[in-house]
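One structure is given below, encoded as structure tokens.
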Amino acid sequence: MSLRNNRLTDQEYGQQFSDIHPPFETRDAALVEANRCLFCYDAPCTKSCPTSIDVPKFIKQITTDNIKGSAYTILSSNIMGGGCSRVCPVEKLCEGACVYNLMEEEAIPIARLQRYATEKAIQEKWTLFKRMPDNGKRVAVIGAGPAGLSCAHALSRAGVAVTIYEKESKGGGLMTYGIAAYKVTPAFCEDEVNYITSLGGIEVKYNQELGKDISLDTLQRNYDAVYLAFGVGLTRQLEIPGEHLEGVADAIRFIYAIRTAGYPTVSVGDKVAVIGMGMTAIDAATQAKRLGAEEVTLIYRRTQQEMPCTTAELEIARLDGCRVIWLATPAEIRGENGKVTTLICQVMKLGEADESGRRQPVPTDETITLQVDMVIKATGQTPFEQLVNGHAIEHHKGKISVIDKSVTNLTGVFAGGDCVNGGKEVVDAIQAGKDGAKEILQFLLEKQA
Ligand code: SF4
């Protein structure tokens with residue numbers, strides 16, 4: 001057993017990594033679903049969307065073939081509405097809130113309808129937004145991920161000239177580098193970033209890393225305001241013996257490699273254990289299987305009731321042939337000749353509930369032994385501590401502290417998205433970017449007065 005790459009033919013890689021949620025094949029198919037919508041008053045689907053997209057309105061516009069209007073309705077609330085239609089956990093959000101669920105009928109496929117409208121806008125490069133005349137203000141944004149792009153777009157629409165500094169060679173952040181390719185392809189991410197920046201007034205400087213190529217002090221001196229949206233970093237350490245062995249991988253690095261280096265070059269084991277049960281864990285597990293691993297086992301220390309991923313995501317993993325071991329946590333990784341051979345897990349049981357009402361897992365005396373040649377860690381990401389440590393910016397455990405939504409303790413420095421909340425959904429980051437832009441505009445106005 002050993003890690004290997006180039007396991008499949010090009011055609012097989014193509015099939016394994018093709019679009020998991022294909023778009024509507026015909027206009028009629030989209031219209032049939034759009035016409036099922038009840039256009040609810042005080043629509044629960046809209047209320048459950050972190051960016052408050054007016055769902056009944058955009059669906060109504062689809063029924064009248066006003067696709068441009070529909071795309072505008074979506075994108076004016078969420079400029080990455082195209083990407084969100086592919087990666088949002090809609091079962092927990094809009095579709096989970098659809099009134100059809102109460103009638104025990106299939107919810108309206110809101111995400112697919114959203115994709116139907118936004119995909120056209122991006123493909124046809126529709127000009128839906130115009131910038132206000134340049135107001136002479138300049139803002140620097142750190143990170144071209146969802147929060148940074150959303151903030152930059154809103155600022156630019158208001159006439160501010162924005163410069164985004166991005167440490168990678170492409171924009172999109174987590175969307176481009178951290179999500180399974182069968183959910184959203186790198187090509188789509190690039191188109192979406194280009195569509196957002198085509199508004200004008202947004203310059204993106206790639207391969208520019210905060211703390212290395214640029215400093216916060218310089219940006220504060222050269223711009224009217226700075227918005228920090230640099231996301232979160234690598235996966236948390238397991239802190240168990242054997243973590244250094246060859247074959248132990250970080251889920252974020254694993255997905256990053258698949259998205260940047262191409263499927264055939266990424267090595268995967270025959271027997272893979274994935275630690276964690278969030279969206280990243282599911283993405284790592286399903287992609288390991290699709291890269292040719294024979295066995296993939298997800299290991300989670302709690303039960304299905306407490307898992308952070310959605311039931312739909314768990315279903316994808318199960319359909320891909322991944323198995324799950326609930327109530328187990330890694331205790332030791334053993335190896336031979338420096339390579340992983342065995343994972344020992346402690347069996348857990350649910351104990352008392354904490355203040356949040358969640359029953360806490362406690363270890364039992366039992367263990368499970370798994371013969372594996374790869375262990376992928378997907379136990380949550382740690383903040384980019386080095387970016388905030390040593391700066392005068394207030395932070396807690398590496399997450400930037402904000403007063404209200406995005407105001408930091410430094411005058412003119414704002415922050416939002418994962419670097420503040422520690423890692424939430426893409427759609428939350430987009431709303432954070434909108435909130436940041438609003439507060440920056442208010443700050444610029446007050447500064448001028
Ligand atoms: Fe349409 Fe469902 Fe939203 Fe009602 S809750 S407006 S039926 S999508």
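When a ligand or atom number is given, it counts from 1 through the structure's own listing order.
Residue-level proximity to ligand 1 for Ile110 is carried by the side chain, the only part with a heavy atom below 4.0 angstrom.
Side chains of Lys120 and Gln123: a donor-acceptor N/O pair is absent below 3.5 angstrom, by distance only.
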Below 3.5 Å, can you tabulate the donor-acceptor pairs from side chains in residues 436-445 to any protein atom, sequence neighbours excluded?
unit_1, atom_1, unit_2, atom_2, d
Glu439, OE1, Ser406, N, 2.9
Glu439, OE1, Ser406, OG, 2.3
Gln442, NE2, Glu446, OE2, 2.9

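The side-chain hydrogen bond (donor to acceptor under 3.5 Å, both in side chains) pairs that include a residue from residues 69-84 are Gln61-Thr73, where partners are two or more places apart or lie in different chains.
Listed by chain and residue number, the protein N/O/S atoms under 2.8 Å of atom 4 (Fe) of ligand 1 are Cys40 SG, with waters left out.
Counting heavy atoms from C-beta on, the side chains of Asp283 and Lys183 come closer than 4.5 Å.
Asp320 and Arg290 are joined by a salt bridge, as a carboxylate oxygen and a charged side-chain nitrogen come within less than 4.0 angstrom of each other.
With sequence neighbours excluded, the residues satisfying side chain to side chain contact (heavy atoms under 4.5 Å, CB included) with Glu190 are Lys170, Asn194.
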